Trainee: 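Let me give you the structure first, and then I'll get to my questions.
The chains referred to below are lettered A, B, ... by the order of the sequence lines, with proteins before strands, and numbering in each begins at 1. The figures that follow rest on heavy atoms only: side chains count, while hydrogens, waters and symmetry mates do not. Just so we're clear, the structure is a prediction, and the values are computed from it rather than from any experiment.
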Amino acid sequence: MPEDRTIQELGLDEYKFGFRDPEEYFFKTPRKGIDPEIVAMISKHKNEPEWMLEYRLKALESFFSKPTPQWGGNLNELDFDEIYYYIRPMENQGRTWDDVPDDIKNTFEKLGIPQAERDSLAGVGAQYESEVVYHSLKEEWDKAGVVFMDMDSGLREHEDLVREYFGTIIPADDNKFSALNSAVWSGGSFVYVPPGVHIDIPLQAYFRINAENMGQFERTLIIADEGSYVHYIEGCTAPTYTSNSLHSAVVELIAKPNARIRYSTIQNWSHNTYNLVTKRAVAEENATVEWVDGNLGSKLTMKYPAVYLTGEGARGEILSVAYAGDGQHQDAGGKIVHAAPNTSSLITSKSISKGTGRSTYRGLLKVHEGAENSKSRVECDALLLDENARTDTYPYIEIEEKKVNTEHEATVSKVGEDQLFYLMSRGLSEEEAMAMVVNGFIEPIAKELPLEYAIELNRLIQLEMEGSVG
Amino acid sequence: MLKIDNLHAEIDGNEILRGLNLEVGEGEIHAIMGPNGSGKSTLSNVLMGHPRYEVTGGSITFRGQDVMELEADERARLGMFLAFQYPSEVPGVSVANFLRTAVNAVREEELSVMEMYKLLQEKMRVMEMDPRFAERYLNEGFSGGEKKRNEILQMLMLEPRLAIMDETDSGLDIDALQVVSKGVNELRGPEFSAVVITHYNRILRYIEPDHVHVMLNGRIVTSGGKELALTLEDKGYDWVRQEFGSVA
């Protein structure tokens, strides 16, 4: 646990995550709710090609035709008519920190990034170039032909690539929320890594919902061409609002033969946000895709990153950690589909529940006939911080091939009185002791994250846990 | 330093301590010996403030302060330390990280990363521990001997004014026992007191006590110098029961 100072010393408290910038957007849909006119307006505003408008309108029909899912979490209070579907907060996407508008900078300052990162890091004596906050594409990436831009720019500047791959991994009509996203998407990232190019420094994007009642529907598409490597990182910290917000993203990853994509997310949504995300990847021959997924905050999260292993020797890994506090439901997990021989997969899921929080592991492991010699391991561990907290596990397993090796392991543990007493006898307060047990529990995930993200994850969980003891 | 007066304590409604008295002065090492079930481990847990035990009477004063209402962490910050007989495992938390947090929790001024690192290296040398040990997860997969060494390492790092050692010698081979004793003797001085709780005389050959007390049925029934430990070794606890069973 690299972070051991108290929240107070860091000058962070929950309210700091609830501040708001004045809403200085340049374009906003004239009314709440969604219909073909709104969709057309969004598309027109972005000067999109005709095919994208048609794609959006078709997706909208699909959205209307699908019922709200009744499995997983409770979506009955989610009112699609009470949401603005498009707001564009600033005119141009800056490329350096200096280009970022001051009020957005202020937001990041208030979040304690990157200053707090530096403070924290000074404590461990490491030197680290903090690039948490902003798209900053290195010159050498440009030279290597790497494309890293927001999705709207991607559509303008790389229309052919986008048209070839957009919606091929997650069709618009995959589910109600992918349909909604396909109709109203805006922002997100577009990444293309040419064959053989290894990007050593992670590509990072920082999203933030900043207009009340605005749904955020980012759309991300990452294509790693043959033999390339990319680590993409996304973090979200939403401010606190009183009415329900909706976040519904679609993320598609394509790992061509021998490519490797790692996609890391830490999301910390305000407690009234519905976080309904569809994430899916295809790993071709000998390719590897890894999802590292941290889910904090939100009222309800439903998110099951998936990897389809379509090429021989492909590998998929899903590491997820979820924290469900009072009134929250984290319904998360992962899906792996083995569709080729000699493929391998690992799902590691860790959840923490406290108070009336509820965490659900929901996973699918599917092995198609002919995917022989495939190996899979699923491990889900739940930690309950008190008596009322709840956890459930729904591991669906469908195996059509005989020559496979699958393992499943699930554990539920409680923070024990003896464990707390032991740590407290060394001078740690009850809250510090609890935080230490929790940080240790998520360590297998945290150590997969870059240092500053691991610190952020630990700190966010400590923030969420504040006042949870007693 | 420590004054226990007519202490009564119970767990799950069973009275274990029944009017225990003990006074430990500055710089003194006291051994408490007693047969199984005499209340030795209850005494150590109660002294450190384990929430499962209920104190039903008497008082505990440490450095002039009544500690009865204090939580374990507050007692630790006053300078009390308990070396556990069965330390808990904390998966995912390295010994080094844990110690860094603990040392900074009990000290008034935080140590820098480098100071901490040097201190840890130094103390691990005393305990004859491999430096890689610091990166292992706290007590997870430790052998019995490693756990006990780790307890004493923590004691050296935290530099308490009073250490309570709950059967630290149990299950140790002679080499481990010597190292553990060396760790305790390292701290020995006018500012360090210890209560060594043990079933056997063995550890007292390495950690020489100033006073020896014999515990039976939740009380101290007799006290003496280090020669009392030898008497016990000769005569066994049956002698204690015969001699003091009626008073206890």
Trainee: Mind checking the OG-CG spacing from A/Ser425 to B/Leu47? Nearest 0.5 Å is all I need.
Mentor: 12.5 Å
Trainee: Decide side-chain contact (heavy atoms from CB on, under 4.5 Å) for A/Asp418 and B/His50; before the verdict, give the C-alpha distance in whole Å, the side-chain angles of both, and the deciding distance to 0.1 Å.
Mentor: CA-CA 8 Å; A/Asp418 283 328; B/His50 195 299; 2.8 Å; yes
Trainee: A/Met436 versus B/Thr101: any side-chain heavy-atom pair under 4.5 Å?
Mentor: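 The answer is yes; the side chains approach within 4.5 Å.
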Trainee: What part of B/Leu82 lies closer than 4.5 angstrom to a heavy atom of chain A: side chain, backbone, both or neither?
Mentor: both
Trainee: Taking side chain as everything from C-beta outward and backbone as N, CA, C, O, which of these in B/Val106 sits under 4.5 Å from a heavy atom of chain A? Side chain, backbone, both or neither.
Mentor: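 For B/Val106, the contact with chain A is made by the side chain alone.
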Trainee: Kindly compute the distance separating CD (A/Glu430) from CD (B/Glu71), expressed to the nearest 0.5 Å.
Mentor: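 If we round to the nearest 0.5 Å, A/Glu430:CD and B/Glu71:CD are 6.5 Å apart.
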Trainee: Roughly how far, to the nearest 0.5 Å, is the CG atom of B/Asn97 from the CD atom of A/Glu443?
Mentor: 8.0 Å
Trainee: So, do B/Val103 and A/Arg426 sit near enough that their side-chain heavy atoms are less than 4.5 Å apart?
Mentor: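 When only atoms from C-beta onward are counted, A/Arg426 and B/Val103 do not touch, as no gap falls below 4.5 Å.
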Trainee: Could you tell me which portion of B/Asn139 (side chain, backbone, both or neither) has an atom closer than 4.5 angstrom to a non-hydrogen atom of chain A?
Mentor: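 It is the side chain, since no backbone atom gets that close.
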Trainee: Is B/Leu138 close to A/Leu423 at the side-chain level, that is, under 4.5 Å between some pair of heavy atoms?
Mentor: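 Yes, at least one pair of side-chain atoms sits under 4.5 Å.
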Trainee: Between B/Glu74 and chain A, which part of the residue has a heavy atom less than 4.5 Å away: side chain, backbone, both or neither?
Mentor: neither
Trainee: Could you check whether the rings of B/Phe98 and A/Tyr422 sit parallel, tilted or perpendicular, using 30° and 60° as the cut-offs?
Mentor: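 Correct class here is parallel.
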Trainee: Would you say OH of B/Tyr117 has more than 12 non-hydrogen atoms from neighbouring residues, nucleotides or ligands within 6.0 angstrom?
Mentor: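 At most 12 heavy atoms, drawn from other residues, nucleotides or ligands, come within 6.0 Å of this atom.
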Trainee: Non-hydrogen atoms of chain A under 4.5 Å away: do they reach the side chain of B/Leu78, the backbone, both or neither?
Mentor: neither
Trainee: Verify the neighbour count for atom NZ of B/Lys182: are there more than 12 heavy atoms of other residues, nucleotides or ligands below 6.0 Å?
Mentor: yes
Trainee: When you measure from the side chain of B/Arg77 to the backbone N and O of A/Gly427, does any donor-acceptor pair fall under 3.5 Å?
Mentor: yes
Trainee: At a heavy-atom distance under 4.5 Å, which candidate from B/Phe81, B/Phe84, B/Tyr137 has the highest pair count against chain A?
Mentor: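 So the answer, after comparing B/Phe81, B/Phe84, B/Tyr137, is B/Phe84.
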Trainee: Once rounded to the nearest 0.5 Å, what's the spacing between atom CZ of B/Arg52 and atom CZ of A/Phe421?
Mentor: 9.5 Å
Trainee: Look only at the side chain of A/Gln419 and the backbone of B/Glu89, and say whether a donor-acceptor pair between them is shorter than 3.5 Å.
Mentor: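 Yes, because the side chain of A/Gln419 sits within donor-acceptor range (under 3.5 Å) of the backbone of B/Glu89.
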Trainee: Quick one: closest heavy-atom pair of A/Leu428 and B/Ala102, and the distance?
Mentor: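 That would be CD1-CA, 3.8 Å.
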Trainee: Taking everything shown except A/Glu407 itself, do over 12 heavy atoms lie less than 6.0 Å from its CD?
Mentor: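 Result for CD/A/Glu407: enclosed.
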